[in-house]
Amino acid sequence: MTISGVEQPARALRVLHVEDSELDHQLILAQLTRAGMKVAMERLDSLPAVLAALDRPWDAIISDYNLPGYSGLEVLDALKARRLLMPFILVSGEIGEDTAVAAMRNGASDYLLKNNLNRLAPALSHAIDAAESQRARVAADHELVKSKQRLHELAGHLQTSVEMERAAIAREIHDDVGGSLTAVKFDLAWIDRHATEPEVRQRVAAALETVNAAIDASQRIMHNLRPAILEQGLVAALQWMTARFERRTGIEAGLRIGEERLALPSGVPLVAYRTAQEALTNVSKHAGATRVDIELSLDSGVLTLEICDNGRGIAPGDLAKERSFGIRGLHERAATVGGWVDLSSHPGGGTSLILTVPLASEAIDALDDATDFGRDDGGPSIWGRA
């Protein structure tokens, strides 16, 4: 390392030496010095002192095996308990092969015999390099986890922003476009009542038909942007969506609901609704299905929404496409309420999409204790064509 063009000496390695023999300590220190290593080594032999010293920064630990009242493996266990990524080299006058193997399996970097210390310096250097690499990997993994968390938070923020923007646009369509179209419809109706010429009345009728179509389109767009039916509850929204899907596509749609009284935390109904909406859109566009079944249930405090179709299925390669943003969007949307999405499909065997959301305890407590969701004993359910 250089500072202002001047070569700086390498930092001395901080080594904790767990050893009860001062002579052996001096021999190991001399061996490392002869190998050209700059070492600041501290010898300790009392177990309490060693355990206290673990709180200080060390580059490595060299430990004897047989120590007064304890063994070097106890020091190694203490390292593991504290999750310290620190090189640990076991050096002993005599150590059985089974003990040495057990130490390596337990996390020791290496082991050597005191009568053959020629390998100590390279072993110590290698152990320190390996520990630094491992710490770098752990730090990188930690940063990756943080990055993923930030990405999830960003995705959740974007989902929330999109829904807020959709609600704002839906209100503008309702207040401005819808109001204007309704006013035009009233004016055309007035003209129709007061006109006497057949040609005028014919043109007014055509204009009324166009305005009615525009009103229907604006209502459809508003429902897609922000489903007002959700104010009546998730069950009502799914019933409306299923019926509308069947009328629009001609695909037979079945809906089963374990219980109509669902007290759900804020945000969950919209996530479930959007998941079903996305799934049904994919069924109508890509599945080639003749039937789709939707099931909503709550069991043991877990909300489950399943959408299954009998279509052509999805090839594994399609699921792995880099631009499969629809599927990724479902995963990110579910994550905003602590849930997840499972998608399974076999070519020619249909597709099943399951949204699972564990609910907060306060929402579960709000439900009737006698309610048995998802039962198969003939209890409350809605089956068949919606």
Side-chain angles (χ1 to χ4, degrees), residues 1-47 49-67 70-143:
M1 182 178 65
T2 61
I3 301 178
S4 301
V6 179
E7 186 74 20
Q8 299 296 316
R11 177 183 62 83
L13 296 176
R14 296 161 298 187
V15 178
L16 173 62
H17 191 194
V18 184
E19 174 62 65
D20 59 337
S21 170
E22 177 63 25
L23 178 59
D24 288 345
H25 170 68
Q26 294 298 329
L27 287 174
I28 287 179
L29 180 58
Q31 181 68 32
L32 295 176
T33 302
R34 281 197 301 269
M37 301 184 74
K38 187 175 181 181
V39 180
M41 183 180 291
E42 180 178 345
R43 182 179 73 87
L44 294 174
D45 58 3
S46 166
L47 182 58
V50 171
L51 296 180
L54 294 182
D55 294 329
R56 291 150 53 191
W58 302 99
D59 292 303
I61 296 177
I62 298 176
S63 176
D64 193 0
Y65 176 72
N66 293 308
L67 293 153
Y70 66 101
S71 75
L73 296 185
E74 294 181 51
V75 180
L76 180 58
D77 289 338
L79 276 181
K80 288 187 62 178
R82 302 185 188 200
R83 299 188 178 186
L84 297 176
L85 298 177
M86 193 178 300
F88 183 91
I89 298 179
L90 196 60
V91 179
S92 179
E94 58 180 49
I95 182 173
E97 183 177 347
D98 292 341
T99 302
V101 171
M104 296 294 290
R105 287 178 177 174
N106 204 34
S109 304
D110 209 336
Y111 71 93
L112 299 91
L113 295 177
K114 289 184 177 180
N115 59 7
N116 185 13
L117 295 177
N118 293 331
R119 200 167 55 87
L120 177 59
L124 179 61
S125 178
H126 174 75
I128 291 174
D129 290 343
E132 289 179 352
S133 298
Q134 186 177 4
R135 282 191 288 266
R137 287 195 298 271
V138 170
D141 291 342
H142 181 65
E143 285 300 319

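Heads up: numbering here begins at 1 and tracks the sequence.
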Heavy-atom closest pair, residues Leu44 and Ala49: CD1-O, 3.7 Å

Is it the case that the side chain of Asp59 and the backbone of Val15 share a donor-acceptor pair, with hydrogens and angles ignored and the cut-off at 3.5 Å? no

Give, for atom OG of Ser133 and atom CD1 of Ile128, the distance between the pair rounded to the nearest 0.5 Å. 12.0 Å

Glu74 versus Leu47, closest heavy-atom pair with distance: OE1-CD2, 3.9 Å

Do Ser125 side-chain atoms and Ala121 backbone N/O form a donor-acceptor pair below 3.5 Å? no

Main-chain N/O of Leu85 paired with Arg135 side-chain donor or acceptor, under 3.5 Å: yes

Nearest heavy-atom neighbours spanning Tyr70 and Asp45: OH-O, 2.7 Å

When rounded to the nearest 0.5 angstrom, what distance separates CG in Leu90 from CD1 in Ile62? 11.0 Å

Taken to the nearest 0.5 Å, the spacing of Leu124 CG from Arg119 CZ works out to 11.5 Å

For Leu67 against Gly72, the heavy-atom pair lying closest together: CD1-N, 3.9 Å

Would you check if the side chain of Ser109 reaches a backbone N or O of Phe88 as a donor-acceptor pair within less than 3.5 Å? yes

Regarding Gln134 and Arg137, do their side chains bring together a donor and an acceptor under 3.5 Å, going by distance alone? no

Thr33 OG1 to Met41 CE distance, which is reported to the nearest 0.5 Å: 8.0 Å

Ignoring hydrogens, what is the shortest heavy-atom contact between Asp55 and Arg82? Give both atom names and the distance. OD1-NH1, 2.7 Å

Of the options Glu19, Glu22, His25, which is the one that meets Arg43 in a side-chain hydrogen bond (donor to acceptor under 3.5 Å, both in side chains)? Glu22

What closest approach, in Å, do His17 and Asp24 show between heavy atoms, and which atom pair accounts for it? CE1-O, 4.2 Å

Return the NE2 to CD1 distance between His126 and Ile89, rounded to the nearest 0.5 Å. 9.5 Å

Once you round to the nearest 0.5 Å, how far does OG of Ser63 lie from OH of Tyr111? 15.5 Å

I'd like to check Ile61 versus Leu79 (side-chain heavy atoms, cut-off strictly below 4.5 Å). Are they in contact? yes

